[in-house]
Undergrad: 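First, the structure itself, so that you have it in front of you.
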Amino acid sequence: MVPNLIGGERSLPDAPTLPVYDPATGEVLDEVPLSGPAEVERAVAAAVAAFSEWSRTSVMERVRLMFRFKALLEAHAEELAALVTRHHGKTLDEARGEVRRGIDVVDFACGAPTLLQGRTLRQVSVDVDQDLHRFPVGVAAGIPPFNFPVMIPLWMFPLAVVCGNTFVLKPSERTPLGAVRLAELFAEAGFPPGVLNLVHGAREAVDALLRHPQVAAISFVGSEPVARAVYREAAAYGKRVQALGGAKNHIVVMPDAELDAVVPAILGSAFGNAGERCLAGSVAIAVDSRDLVPALEAAARRLRVGPGTEPEVDVGPLIRREHRDRVAELVAQGVREGARLVLDGRDQMSRPGFFLGPTILDQVPPDSTAHRVEIFGPVLSVSHVGKLEEAIARANRSALGNMAVIFTHDGGAARQFRERVEAGMIGVNVPVAQPFAFFPFSGWKSSFYGDLHVHGTDGVDFYTRKKMFISRW
Ligand code: NAD
């Protein structure tokens with residue numbers, strides 16, 4: 001069974017379990033416990049017990065440990081990537097990219113001596129000085145999704161901990177193994193017991209964290225309905241919350257874009273990570289172009305589907321059979337609602353494991369399900385407009401606003417797009433507009449609930465509270 005790690009001890013709770021699969025074969029790799037409130041209570045108690053000493057540890061000591069953690073992550077990067085591929089299914093190259101982007105956040109957290117500095121204004125009034133100092137918030141909890149089992153936990157606890165907080169991580173019950181290895185390396189780096197605690201589970205464990213009076217902050221990443229519910233519930237219990245939700249990202253292709261460059265970029269964006277990515281470009285909007293779809297189809301037919309461990313594979317399996325079947329049903333619904341099926345990846349469903357190959361729906365009606373709903377699989381919807389203004393208006397109909405991308409050489413078009421499209425992460429000739437760790441991951445609209453985003457200085461603000469000193473001597 002996958003262990004909980006609480007106060008530096010491994011434990012196997014007496015709880016129901018769920019299987020952890022290899023999605024490429026359907027084989028059961030392990031069992032993950034569905035911890036209940038009692039286990040959450042133990043994890044929070046361990047974090048509370050560790051907080052008073054940890055929060056008084058010098059910033060330099062925290063950073064020294066964080067540098068050691070970083071070195072261990074670098075040394076174990078290949079092992080972590082293999083683990084991600086094994087229980088998530090993405091290709092090894094995609095897993096390596098995930099680990100690298102996770103380590104980027106640890107690099108950023110190592111800048112704590114600069115990031116945690118306050119501000120001073122001497123002589124703000126006659127003989128009066130004013131200072132702003134940052135303090136940790138207390139115990140923070142992290143609830144990541146299944147699709148980045150290493151990177152998204154690393155969005156959360158390194159920054160929280162370097163700010164002086166202690167942490168309870170509740171990994172995704174579908175991909176819990178990456179977090180266990182991260183916690184082991186974190187302990188090996190020398191962080192004291194209780195600074196990071198791991199409790200496995202699903203909704204019951206999340207609810208216990210959201211309601212726990214000694215949890216001060218919640219970092220959540222997952223689907224939109226759960227993000228909205230987590231935001232409401234945690235806020236009702238007086239916590240600060242950052243809740244990142246789902247996405248439906250648009251890629252606008254202008255008539256001047258060079259198809260040789262654009263086609264592989266769109267395929268990588270739509271089908272990378274088997275489309276299970278909150279920055280997947282899942283709707284391509286062709287502006288006055290008849291050539292785009294034939295070019296996409298020809299190139300997509302050449303993509304190889306198979307286990308992520310095989311080096312020549314481009315598209316791995318989906319996470320679970322039920323999810324794969326939902327994606328297949330959404331493809332069928334897209335056709336029923338008027339889309340033209342150009343490439344049908346459902347022919348891969350007969351393989352062992354949870355596969356569905358790259359799928360392209362063309363002439364997708366703007367109000368249809370395939371244009372509106374996050375499918376979270378390797379399905380690219382294409383729609384057509386005559387002008388950039390119409391493309392922007394179509395993208396802006398979405399309730400979600402994570403990312404929007406334009407391909408063009410026209411600076412005026414790029415600027416108009418950047419200014420008017422309602423999404424928080426914009427790419428110009430960049431297919432996956434993921435901000436680096438020192439900038440915030442800035443979803444808009446229903447892709448994000450909260451005020452302060454993950455990582456970047458937003459992350460530092462989220463995991464610290466400010467205290468003002470005014471003094472006259
Ligand atoms: P999910 O919402 O099913 O689960 C996310 C986390 O919430 C898991 O840890 C899970 O155990 C927990 N959870 C699930 N249902 C719950 C409930 N009813 N109450 C309380 N907790 C619950 O999401 P997922 O399927 O694991 O991940 C995929 C989703 O995450 C997609 O929608 C994707 O777009 C989104 N995502 C968003 C971002 C972003 O940065 N905006 C990044 C990655 C993934």
Side-chain angles (χ1 to χ4, degrees), residues 18 20 23 32-35 37 40 87-88 90 98 101-102 105 141-156 168-176 178-179 198-211 218-234 241-249 272-282 318-320 322-324 326-327 330 373-377 398-403 423-425 432-435 437 439-450 453-456 458-459:
L18 278 182
V20 179
V32 64
L34 296 178
S35 308
V40 169
H87 77 314
H88 174 280
K90 66 183 70 178
E98 157 170 3
R101 299 312 294 267
V105 188
I143 304 157
F146 79 82
N147 62 330
F148 286 95
V150 163
M151 180 184 77
I152 294 185
L154 290 175
W155 282 0
M156 298 173 172
V168 177
L169 182 67
K170 200 282 315 155
S172 166
E173 67 278 23
R174 288 185 278 182
T175 52
L198 211 64
V199 57
H200 297 286
R203 181 175 183 163
E204 212 189 345
V206 172
D207 285 344
L209 286 168
L210 301 183
R211 293 168 192 169
I218 298 285
S219 296
F220 172 91
V221 181
S223 58
E224 190 279 334
V226 182
R228 186 163 16 106
V230 162
Y231 177 68
R232 281 209 188 117
E233 184 77 355
V241 197
Q242 45 182 200
L244 286 66
K248 190 76 177 172
N249 304 310
N273 228 56
E276 292 174 328
R277 189 155 62 177
C278 70
L279 294 181
S282 51
L318 293 175
I319 189 68
R320 290 286 176 274
E322 310 80 66
H323 178 57
R324 190 270 312 271
R326 174 183 174 271
V327 173
L330 285 165
V373 169
E374 180 179 46
I375 296 176
F376 223 54
S398 176
L400 302 164
N402 228 28
M403 176 186 91
M425 292 173 272
V432 178
Q434 178 170 359
F439 289 96
F441 197 94
S442 285
W444 276 20
K445 295 163 93 176
S446 298
S447 292
F448 178 72
Y449 294 92
H453 295 276
V454 296
H455 60 65
D458 266 28

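Both ligands and their constituent atoms are indexed starting at 1 by order of listing. Both backbone and side-chain heavy atoms feed into the values below; hydrogens, waters and symmetry mates do not.
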Undergrad: When you measure from atom 26 (O) of ligand 1 to every protein heavy atom, which one gives the shortest distance, and what is it?
TA: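 Going by distance alone, atom 26 (O) of ligand 1 is nearest to Phe146 N, 3.0 Å.
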Undergrad: Need the ligand 1 atom indices (1-based, order shown) with element for anything under 4.0 Å from a heavy-atom of Gly246.
TA: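 Near Gly246, meaning under 4.0 Å from one of its heavy atoms, ligand 1 has 32 (O), 34 (O).
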Undergrad: If you have a sec, work out which protein heavy atom is nearest atom 7 (O) of ligand 1 and how many Å separate them, to one decimal?
TA: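 Result: Phe220 CE1, 3.2 Å.
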Undergrad: If the cut-off is 4.0 Å to any non-hydrogen atom of Lys170, which atoms of ligand 1 fall inside it?
TA: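 Taking each heavy atom of Lys170 in turn, ligand 1 has 8 (C), 9 (O), 10 (C), 11 (O) under 4.0 Å.
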Undergrad: Would you mind listing which atoms of ligand 1 come within a distance below 4.0 Å of any non-hydrogen atom of Asn402?
TA: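 Within the 4.0 Å cut-off of Asn402, ligand 1 contributes 41 (N).
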Undergrad: Which bit of Val454 gets closer than 4.0 Å to ligand 1, counting heavy atoms only: side chain, backbone, both or neither?
TA: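 Within the 4.0 Å criterion, Val454 makes no contact with ligand 1.
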Undergrad: Quick one: which ligand 1 atoms are inside 4.0 Å of a heavy atom on Arg174?
TA: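 Numbered from 1, ligand 1 contributes 3 (O), 24 (P), 25 (O), 26 (O).
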Undergrad: Look at atom 8 (C) of ligand 1 and say which protein heavy atom is nearest, naming residue and atom and giving the distance to 0.1 Å.
TA: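 Scanning the protein heavy atoms, the shortest distance from atom 8 (C) of ligand 1 goes to Pro144 O, 3.4 Å.
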Undergrad: Closest non-hydrogen protein atom to atom 44 (C) of ligand 1, residue and atom name please, with distance?
TA: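 Its nearest protein heavy-atom neighbour is Asn147 OD1, 3.4 Å.
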Undergrad: Can you tell me how far the OG atom of Ser398 sits from the NZ atom of Lys248, to the nearest 0.5 Å?
TA: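 Ser398 OG to Lys248 NZ: 8.5 Å, rounded to 0.5 Å.
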Undergrad: Taking Arg228 for the side chain and Ala243 for the main chain, is one N or O donor matched with an acceptor at less than 3.5 Å?
TA: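 Not at all, since once roles are kept as given, no pair shorter than 3.5 Å links the two residues.
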Undergrad: Counting heavy atoms only, name the option from Cys278, Gly222, Ala247 that's nearest to atom 35 (C) of ligand 1.
TA: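 Comparing heavy atoms across Cys278, Gly222, Ala247, the nearest one to atom 35 (C) of ligand 1 lies in Gly222.
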Undergrad: Of the protein's non-hydrogen atoms, which lies at the shortest distance from atom 18 (N) of ligand 1, and what is that distance?
TA: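 Of the protein heavy atoms, Arg203 CD, 3.6 Å lies nearest.
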Undergrad: Counting heavy atoms only, which of Ser223, Gly201, Pro145, Pro149 is nearest atom 27 (O) of ligand 1?
TA: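 Selected option, by shortest heavy-atom distance: Pro145.
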Undergrad: Which heavy atom of Val199 sits nearest to which heavy atom of Pro171, and what is that distance?
TA: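 Looking at all heavy atoms of both residues, the closest pair is O-CD, 3.5 Å.
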Undergrad: So if I count the atoms of ligand 1 from 1 in the order they appear, which ones are less than 4.0 Å from some heavy atom of Leu244?
TA: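 Contacts of ligand 1 toward Leu244, numbered from 1: 39 (C), 40 (O), 41 (N).
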Undergrad: Kindly check if the number of other-residue, nucleotide or ligand heavy atoms within 6.0 Å of CZ (Arg232) is above 12?
TA: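 12 or below, so no.
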Undergrad: Taking only heavy atoms of Ile143, which atoms of ligand 1 are found under 4.0 Å from at least one of them?
TA: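 Here the atoms of ligand 1 in question are 6 (C), 7 (O), 9 (O).
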Undergrad: Considering non-hydrogen atoms of the protein only, which is the closest contact for atom 32 (O) of ligand 1, and what is the distance?
TA: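 The answer is Glu374 OE1, 2.6 Å.
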Undergrad: Supply the atom-to-atom distance Cys278 SG to Glu224 CD, rounded to the nearest 0.5 angstrom.
TA: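 Separation between the atoms: 13.5 Å.
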Undergrad: Please check atom 4 (O) of ligand 1 for a protein heavy-atom neighbour under 4.0 Å.
TA: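 Within 4.0 Å: no protein heavy atom nearby.
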Undergrad: At less than 4.0 angstrom from any non-hydrogen atom of Phe441, what atoms of ligand 1 do you find?
TA: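 Checking each atom against Phe441, I get 39 (C), 40 (O).
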Undergrad: Hey, could you give me the CG/CD1 distance between Leu169 and Ile143, rounded to the nearest 0.5 Å?
TA: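 Between Leu169 CG and Ile143 CD1, I get 9.5 Å after rounding to 0.5 Å.
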Undergrad: Quick one: does Gly245 get within less than 4.0 Å of ligand 1, heavy atoms only?
TA: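 A heavy atom of Gly245 does come that close to ligand 1.
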Undergrad: Would Lys170 count as a cation-pi partner of Phe220, with NZ or CZ less than 6.0 Å from the six-membered ring centre and within 45° of the ring normal?
TA: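 Output no; distance or angle outside limits.
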Undergrad: Establish, from distance only, whether the side-chain atoms of Gln242 and Tyr231 form a donor-acceptor pair under 3.5 Å.
TA: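 Side chains of Gln242 and Tyr231: no pair found under 3.5 Å.
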Undergrad: In terms of the angle between their ring planes, are Phe441 and His455 parallel, tilted or perpendicular, with boundaries placed at 30° and 60°?
TA: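 Perpendicular.
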Undergrad: Looking only at heavy atoms, is any part of Pro225 under 4.0 Å from ligand 1, and if so is it the side chain, the backbone, or both, or is it neither?
TA: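 It is neither part, as no heavy atom is under 4.0 Å.
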Undergrad: Nearest 0.5 Å, please: how far is CG in Leu279 from CE in Met425?
TA: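 Between atom CE of Met425 and atom CG of Leu279 there are 5.0 Å.
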Undergrad: Heavy-atom distance under 4.5 Å between the side chains of Pro176 and His87, does that happen here?
TA: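 Yes, close enough: below the 4.5 Å cut-off.
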Undergrad: Give the numbers and elements of all ligand 1 atoms closer than 4.0 Å to a heavy atom of Val206.
TA: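 Checking each atom against Val206, I get 20 (C), 21 (N).
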Undergrad: Tell me the closest heavy-atom pair linking Arg101 and Pro435, and the distance in Å.
TA: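 Where Arg101 meets Pro435 most closely, the heavy atoms are NH2-O, 3.6 Å.
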Undergrad: Check Phe448 against ligand 1 and report side chain, backbone, both or neither, counting heavy atoms closer than 4.0 Å.
TA: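 For Phe448, there is no contact with ligand 1 at all, from either part.
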Undergrad: With a heavy-atom distance limit of 4.0 Å, tell me whether Val226 approaches ligand 1 through its side chain, its backbone, both, or neither.
TA: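 Contact part for Val226 vs ligand 1: side chain (C-beta onward).
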Undergrad: To which protein heavy atom is atom 28 (C) of ligand 1 closest, and what is the distance rounded to 0.1 Å?
TA: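 Atom 28 (C) of ligand 1 sits closest to the protein heavy atom Phe376 CE2, 3.5 Å.
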Undergrad: Could you tell me whether the side chain of Ser35 and the main chain of Gly201 form a donor-acceptor pair under 3.5 Å?
TA: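 Answer holds: no.
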Undergrad: Write out the residue and atom name of the closest protein heavy atom to atom 11 (O) of ligand 1, then the distance separating them to 0.1 Å.
TA: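 Checked against all protein heavy atoms, atom 11 (O) of ligand 1 sits closest to Glu173 OE1, 2.6 Å.
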Undergrad: Tell me which part of Ile152 gets within contact of ligand 1: side chain, backbone, both or neither, using heavy atoms under 4.0 Å.
TA: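 Ile152 to ligand 1: side-chain contact only, backbone stays beyond 4.0 Å.
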Undergrad: Mind checking the CG-CD spacing from Asn402 to Glu374? Nearest 0.5 Å is all I need.
TA: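 Output value for this atom pair is 8.5 Å.
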Undergrad: Could you grab the distance from atom CD of Glu276 to atom CD1 of Ile319, nearest 0.5 Å is fine?
TA: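 That separation rounds to 6.0 Å.
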